[in-house]
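Both backbone and side-chain heavy atoms feed into the values below; hydrogens, waters and symmetry mates do not.
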Amino acid sequence: MPKEKKTAATRGDKNEKLVLDYLIKQNRPYSITDIVSNLHNEVSKTDCQKVVNSLVENDLVTSKLYGKQSIYVVRQDTIDTASPEQLAVVDREIAELQNKIGDRKTHNKQLSSELNLLSSTMTTEQITEKLNTLAAKNEKASQNLELLRSGSKLVTPEAKQKVVKEMEYHRKLWRDRRRVFKEMFQQVTDNMPGKPKDLLEELDIEMNDPIDIGTDPRDLLQA
């Protein structure tokens, strides 16, 4: 005849029931310190030790000494075990849940792909703004094309004036630097033996300008 199970509830001990229920639920070994900590100090360490000692005396909990510390675990023969039929039901439920998890993962992956696609797609406002910008560029290009076809020049008077000013500025620099070089070269060669022409050839310096310095570059372009 199986041994009759003893529970803390039959003795009306609240702490004993609390500790025993916890050990049954976890079904793993714990020290007194672990039990007190995991129960968030609902039972003091002193009371917990008394409760566990009582459970050991009533053959509800097994004690094992590891070094200087005792470890406690609920007796396995006092725990209701599932029948093969019940285990089979649980296995089926686990399999069904695993299938559902797989379906959910696949669905989540599809949703993530759709979200990434939507995130990379322009909004209606952005599309409208882009179309307006392209339309303006297209209109300007069409106008320039008509001017080219009609033989009209696309350079504005303002742009021409800017080019002329830059050209005059650089031509002035050309004249000034040319004059400074000739003055310095003359001062150096006045007291040097030999001919200045020979020095120029030795230094590979060409004194003859490729074009007349007074020539307007615009005349060269039209030539």
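Remark: R104 CZ to L111 CG distance equals 10.5 Å, nearest 0.5 Å. How far OG of S112 is from NZ of K109: 9.5 Å, rounded to the nearest 0.5 Å. With values rounded to the nearest 0.5 angstrom, N132 atom CG is found 12.0 Å from I127 atom CD1. Taken to the nearest 0.5 Å, the CD atom of Q26 stands 7.0 Å off from the CG atom of N38. Considering CG of N108 and CG of L115, their distance stands at 11.5 Å, rounded to 0.5 Å. Remark: N99 CG to E96 CD distance equals 8.0 Å, nearest 0.5 Å.
Looking only at atom types and distance, the side chain of N116 has no donor-acceptor partner in the side chain of S119 under 3.5 Å away. Q49 and N53 form a side-chain donor-acceptor contact under 3.5 Å, judged by distance and modelled atom types alone. D34 and S31 share a donor-acceptor pair across their side chains, judged by distance under 3.5 Å alone.
Listed by chain and number, the residues in a side chain to side chain donor-acceptor pair (under 3.5 Å) with E166 amount to none (sequence neighbours excluded).
Closest heavy-atom contact between V73 and Q76: CG2-NE2, 4.3 Å. The minimum heavy-atom distance linking V36 with C48 is given by the pair CG2-CB, 3.7 Å. Across all their heavy atoms, P196 and F185 have their closest contact at O-CZ, 3.6 Å.
By the 4.5 Å heavy-atom criterion applied to side chains, H170 and W174 are not counted as neighbours. Using a 4.5 Å heavy-atom threshold, the side chains of Q126 and K130 count as separate. Side-chain atoms of Q69 and L65, non-hydrogen and from C-beta on, never get closer than 4.5 Å to each other. The shortest side-chain heavy-atom distance between K165 and Q161 falls under the 4.5 Å cut-off. Between V61 and R75 the shortest side-chain heavy-atom distance does not fall below 4.5 Å. At a threshold of 4.5 Å between non-hydrogen side-chain atoms, the residues Q110 and H107 count as touching. Contact check for Y72 versus V56: side-chain heavy atoms found under the 4.5 Å cut-off. In this structure, N27 and L23 have side chains that are not in contact, with every pair of non-hydrogen atoms separated by 4.5 Å or more.
Formation of a donor-acceptor pair under 3.5 Å by the S37 side chain with backbone atoms of T33 is not found in this model. The backbone N or O of G194 sits nowhere less than 3.5 Å from a side-chain atom of D198 that would complete a donor-acceptor pair. Distance alone, capped at 3.5 Å, places no donor-acceptor pair between the S70 side chain and the Y66 backbone.
Counted within 6.0 Å of CD on E201, heavy atoms from surrounding residues, nucleotides or ligands total more than 12; the atom is thus considered enclosed. The 12-atom threshold is not exceeded at CE of M184, counting heavy atoms of other residues, nucleotides or ligands nearer than 6.0 Å. Open room surrounds CD on E202; 12 or fewer heavy atoms of other groups in view lie less than 6.0 Å from it.
Criterion: ILVMFWY side-chain heavy atoms under 4.5 Å apart, direct or through other members. Under it, V180 and L173 are not part of a common hydrophobic cluster. Taken together through direct or relayed side-chain contacts under 4.5 Å among Ile, Leu, Val, Met, Phe, Trp and Tyr, I71 and V74 form parts of separate hydrophobic clusters. Cluster membership for L203 and M192, using ILVMFWY side-chain heavy atoms within less than 4.5 angstrom, is shared.
Under the 4.0 Å criterion applied to side-chain N and carboxylate O atoms, K25 and D21 are not assigned as salt-bridge partners. Ion pairing of E183 with R179 is present here, as a side-chain N (NZ or NE/NH1/NH2) and a carboxylate O approach within less than 4.0 Å.
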List the steps, then state whether salt bridge (Lys or Arg N to Asp or Glu O under 4.0 Å) holds for E168 with R171.
CA-CA 5 Å; E168 293 299 335; R171 184 160 62 174; 2.9 Å; yes

